[in-house]
Amino acid sequence: FSNVTRALKVTVLAADNLYKRELFRLPDPFVVLTVDGAQTQTTKALKRTLSPYWNETFKVQVKPTSVITAQVFDQRKFKKRGQGFLGVINVQVSQHLNVQTGGDAMVTQDLKNSNNSDPVQGRLALQFTVAAEEPAQADTALPITAYRRDPNRTTGGQSSGAGPATPPRNASPAGHARAEGATVAGPMVRNATGSSVTSTNGGPPPAISGSPADAPSTEGHALVPGWEQR
């Protein structure tokens, strides 16, 4: 796991009791942050203070073996070679948090001298935060069969199956009834007694019964079969 690289948030919080190199002027301190000698990040410079508060966060890539170096300088003298140095700390990440499992840690260390003999004092505070690895998400895709259309499924209030047959437009009620074995009323006529008689199944009306005397006059009209005019 020593080669696993993770994103780490480094917050440069503050420094305290920095060394005052000039009698009548306070330094303008800022921090230069590096990871394993690379990924250089720089805070802004704060004017005339021995206890600066930056609270600036940077995102870097680290491994368990990475070492983070934070150096404090006086901006006003930084351009001059060998001047403006106010101290340094070196922090090995694995000593304060587990890069694989994630977490956070606050580190406060005394500032140290580097290769020169200039006096150094004060402390520097950093905060480390590494996000925990997110577990792989399960595949929630539905199986292919879930998308197959159900022939019996109802859509929009109507069944997708076959519905009752609709009779053709030119089909007569009588013909349809004969096909179904039903009885359909035929034309209505009146018999000799004046009562109504209805034929069935679309056939001709039944013969009219009764005496000829009771029959209505047929003069000028065709006689019903079986009758004779008198």
Side-chain angles (χ1 to χ4, degrees), residues 1-140:
F1 296 101
S2 60
N3 293 326
V4 176
T5 301
R6 296 289 303 279
L8 175 70
K9 291 182 180 180
V10 181
T11 302
V12 180
L13 294 173
D16 180 48
N17 194 29
L18 297 177
Y19 187 80
K20 184 180 178 182
R21 299 195 181 281
E22 295 186 53
L23 182 59
F24 300 105
R25 185 178 178 87
L26 297 177
D28 299 338
F30 70 97
V31 175
V32 177
L33 196 73
T34 58
V35 180
D36 298 328
Q39 304 183 60
T40 302
Q41 306 286 345
T42 305
T43 70
K44 62 185 179 181
L46 300 181
K47 300 295 183 180
R48 301 179 180 88
T49 179
L50 295 176
S51 299
Y53 179 76
W54 295 283
N55 194 29
E56 295 186 40
T57 300
F58 306 97
K59 190 173 183 179
V60 296
Q61 299 294 322
V62 298
K63 299 180 292 185
T65 58
S66 293
V67 175
I68 295 177
T69 300
Q71 302 179 77
V72 184
F73 294 93
D74 180 0
Q75 186 188 47
R76 199 170 62 85
K77 292 188 175 183
F78 179 71
K79 294 181 180 179
K80 298 180 181 181
R81 185 176 181 181
Q83 296 187 19
F85 178 77
L86 297 176
V88 62
I89 63 172
N90 295 293
V91 181
Q92 186 166 356
V93 176
S94 61
Q95 293 181 353
H96 300 277
L97 53 80
N98 191 315
V99 174
Q100 276 78 35
T101 60
D104 55 13
M106 180 178 291
V107 178
T108 302
Q109 291 187 5
D110 291 335
L111 291 168
K112 304 294 184 182
N113 205 333
S114 56
N115 297 325
N116 55 42
S117 58
D118 292 337
V120 171
Q121 70 179 30
R123 296 176 301 173
L124 181 64
L126 305 177
Q127 172 127 21
F128 299 150
T129 303
V130 57
E133 291 184 346
E134 297 182 358
Q137 296 182 356
D139 187 4
T140 57

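All figures in this text were calculated on a predicted structure; none of them were measured in a lab. Residues take their numbers from the sequence shown, with the count starting at 1.
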Gap separating the OH atom of Tyr53 from the CG atom of Leu46, nearest 0.5 angstrom: 11.0 Å
Where do Leu50 and Pro27 come nearest, in terms of heavy atoms and distance? CD2-CD, 3.4 Å
Taking the side chain as every heavy atom from C-beta outward, state whether Lys20 and Leu26 have any atom pair closer than 4.5 Å. yes
Check whether Gln75 reaches the backbone of Phe30 with its side chain - one donor and one acceptor, N or O, closer than 3.5 Å. no
Is there a side-chain contact between Val99 and Lys63 (heavy atoms, below 4.5 Å)? no
How long is the span from the OG1 atom in Thr34 to the CG atom in Asn90, to the nearest 0.5 Å? 8.0 Å
So, do Val12 and Leu126 sit near enough that their side-chain heavy atoms are less than 4.5 Å apart? yes
Check whether any side-chain heavy atom of Asp28 lies under 4.5 Å from a side-chain heavy atom of Arg48, and answer yes or no. yes
Please confirm whether the backbone N or O of Val67 pairs with a side-chain atom of Asp36, one donor and one acceptor, at under 3.5 Å? yes
Once you round to the nearest 0.5 Å, how far does CZ of Arg123 lie from CD of Gln109? 12.0 Å
Side-chain donor or acceptor of Asn113 paired with backbone N/O of Asp118 under 3.5 Å: yes
Val31 and Trp54: CA distance, side-chain angles, deciding distance, side chain to side chain contact (heavy atoms under 4.5 Å, CB included) verdict: CA-CA 9 Å; Val31 175; Trp54 295 283; 3.5 Å; yes
Taking Thr129 for the side chain and Lys9 for the main chain, is one N or O donor matched with an acceptor at less than 3.5 Å? no
Criterion side chain to side chain contact (heavy atoms under 4.5 Å, CB included) on Leu8 and Ile68, from CA distance to verdict: CA-CA 11 Å; Leu8 175 70; Ile68 295 177; 3.7 Å; yes
Side chain to side chain, Gln100 and Pro64, heavy atoms closer than 4.5 Å: yes
Does Pro119 offer a backbone N or O that forms a donor-acceptor pair with the side chain of Arg21 under 3.5 Å? yes
Rounded to the nearest 0.5 Å, how far apart are CG of Asp74 and CZ of Arg25? 8.0 Å
So, do Thr49 and Pro29 sit near enough that their side-chain heavy atoms are less than 4.5 Å apart? yes
Look up atom CG in Leu124 and atom CD in Gln71, then write down how far apart they are to the nearest 0.5 Å. 11.0 Å
Pair Leu13, Met106 - check side chain to side chain contact (heavy atoms under 4.5 Å, CB included), show working. CA-CA 9 Å; Leu13 294 173; Met106 180 178 291; 3.7 Å; yes
Could you check Lys59 against Gln41 for side chain to side chain contact (heavy atoms under 4.5 Å, CB included), going step by step and ending with a plain yes or no? CA-CA 9 Å; Lys59 190 173 183 179; Gln41 306 286 345; over 6 Å; no
Non-hydrogen side-chain atoms of Leu18 and Leu111 separated by less than 4.5 Å: yes
Enter the distance from Asp104:CG to Thr11:OG1 here, rounded to the nearest 0.5 Å. 10.0 Å
